[in-house]
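Below are the structure tokens for one structure; questions will follow.
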Amino acid sequence: MVRETHLHPGALIYPLFICPGEGIRKEIGSMPGVFNLSIDEAIKEAEACASLGLGGLLLFGLPAQKDEEATGAWAEDGIVQQALRTIKQNKALDSLVAIADVCLCEYTPHGHCGVVKRDGDHYEIQNDSSVVLIAKTAASLAQAGADIVAPSDMMDGRVEAIRNALDAGGHEQIPIMSYASKFASAFYGPFREAADSAPQFGDRRSYQMDGANLREAMREIDQDIAEGADMLLMKPAMPYLDVIRAARERYDLPMGAYQVSGEYSMLHAAFARGWLEPERTMMESLLSIRRAGADFIVTYFAKEAAKVLG
Ligand code: PBG
């Protein structure tokens with residue numbers, strides 16, 4: 001009766017990692033219970049998510065080939081585009097919001113989120129040419145049926161470019177969920193195994209945020225809202241609950257938080273050793289993110305938590 005914060009399955013979003021092929025269900029070593037899934041297997045997983053009452057899916061792709069232009073990210077027959085078309089043909093999945101992650105890192109051989117210019121040992125991420133490809137990717141994902149596009153690349157100016165590309169492609173109604181203040185975090189480590197997107201050289205600190213900077217995070221969010229962001233996704237979650245709280249107090253937009261791969265892996269590592277009680281710890285970690293102010297949570301625990309919530 002007096003509980004202040006609640007969890008419900010509809011506010012949980014489950015990430016899926018789609019790979020080419022058929023009948024593929026390859027477990028991620030560092031993320032027990034999370035798989036690379038071919039489209040047929042992903043559909044089964046999505047059906048399970050729908051029957052558990054989850055709010056939606058966040059789709060990532062592992063392309064058959066990678067190249068400097070990240071062709072697999074924006075190609076009409078890209079792996080996520082194909083998955084979206086299949087999902088949208090399936091009536092049993094109507095209740096799920098299909099959110100497409102927009103980034104280049106899974107689709108480039110170097111694993112950076114944008115276009116790289118190299119000169120010997122020196123390299124630079126090219127902001128503006130990256131934004132062109134990112135906008136093209138978003139338009140292509142909307143065309144394939146994405147309900148929401150979620151740019152996670154952190155290039156400057158991409159929200160406005162995506163809005164323009166969506167509108168020009170006849171997708172005025174598709175919202176942009178911006179990872180507006182994504183931190184350069186060590187907690188993304190296991191994801192890079194799942195999405196095969198570890199940078200082959202350097203790091204992401206020239207485009208992702210310094211974990212020390214809360215005020216700068218607010219400036220990044222201001223900028224994305226001014227460019228047309230419709231929703232915010234805060235990331236990571238547990239090590240940045242104060243940032244989520246600050247954003248909640250400052251912005252009225254719908255706001256989610258991403259409990260990232262490393263948060264999931266470290267809890268599982270402790271569960272495997274019997275050091276933490278799985279169900280209670282999982283629910284407490286999710287509740288803390290809601291209490292900090294997130295409306296919804298992207299989490300690899302989504303299915304397990306929905307089962308607990310009944
Ligand atoms: C792609 C992207 C990443 C994550 C989501 N989108 C990885 C990164 O920036 O290195 C991380 C998600 C997770 O760790 O679960 N840019």
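Counting starts at 1 for both ligands and their atoms, in listed order.
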Distance to 0.1 Å, residue and atom name: give those for the protein heavy atom nearest to atom 14 (O) of ligand 1.
->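 Nearest neighbour among protein heavy atoms for atom 14 (O) of ligand 1, to 0.1 Å: Ser261 OG, 2.7 Å.
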What is the ring orientation for His112 with Phe201, classed by angle as parallel under 30°, tilted 30 to 60°, or perpendicular over 60°?
->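 Rings of His112 and Phe201: tilted, as their planes differ by 30° to 60°.
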For ligand 1, which atoms, with element, lie under 4.0 Å from some heavy atom of Cys113?
->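 So the atoms of ligand 1 that pass are 16 (N).
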With sequence neighbours excluded, give me every salt bridge (charged side-chain N to carboxylate O under 4.0 Å, His left out) pair touching residues 258-284.
->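 Sorted result for residues 258-284: Glu277-Arg280.
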Within 45° of the six-membered ring axis of Phe187 and under 6.0 Å from that ring's centre, is NZ or CZ of Lys235 located there?
->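 Judged by the rule (NZ or CZ under 6.0 Å from the ring centre, within 45° of its axis), Lys235 is not positioned above Phe187.
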Does a donor on one side chain sit under 3.5 Å from an acceptor on the other, for His110 and Tyr123?
->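 Not at all, the side chains of His110 and Tyr123 share no donor-acceptor pair under 3.5 Å.
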So is Arg204 polar-close to ligand 1, meaning N/O to N/O under 3.5 Å?
->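 There is such a contact, yes.
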When you look at Glu45 and Arg25, which way does the salt bridge (charged side-chain N to carboxylate O under 4.0 Å, His left out) test go after all the steps?
-> CA-CA 10 Å; Glu45 198 80 3; Arg25 199 174 168 80; 3.2 Å; yes
What residue and heavy atom of the protein are closest to atom 9 (O) of ligand 1, and at what distance?
->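 Answer for atom 9 (O) of ligand 1: Lys182 NZ, 2.6 Å.
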To which protein heavy atom is atom 15 (O) of ligand 1 closest, and what is the distance rounded to 0.1 Å?
->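 Residue, atom and distance for the closest contact: Tyr300 OH, 2.6 Å.
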Between Tyr258 and Tyr240, is any side-chain donor less than 3.5 angstrom from a side-chain acceptor?
->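 No donor-acceptor contact under 3.5 Å links the two side chains.
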Atom 11 (C) of ligand 1: the protein heavy-atom neighbour that sits closest, reported with distance to 0.1 Å =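 Ranked first by proximity to atom 11 (C) of ligand 1 is Lys235 NZ, 3.1 Å.
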Write out the residue and atom name of the closest protein heavy atom to atom 12 (C) of ligand 1, then the distance separating them to 0.1 Å.
->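 Checking every protein heavy atom, the shortest distance to atom 12 (C) of ligand 1 gives Phe191 CD1, 3.3 Å.
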Using a 4.0 Å heavy-atom cut-off, say whether Tyr258 meets ligand 1 through its side chain, its backbone, both or neither.
->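 Just the side chain.
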Quick one: look at Cys103 and ligand 1, take heavy-atom pairs under 4.0 Å, and tell me if it's side chain, backbone, both or neither.
->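 Under 4.0 Å from ligand 1, Cys103 contributes side-chain atoms alone.
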Shared hydrophobic cluster, Met283 / Phe301 (ILVMFWY, side-chain heavy atoms < 4.5 Å) |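 Yes: a chain of side-chain contacts under 4.5 Å links Met283 to Phe301.
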Can you check whether Arg192 has an N/O within less than 3.5 Å of an N/O in ligand 1?
->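 Yes, Arg192 has an N/O under 3.5 Å of an N/O on ligand 1.
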Under 3.5 Å, N or O to N or O, is Gln208 touching ligand 1 that way?
->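 Yes.
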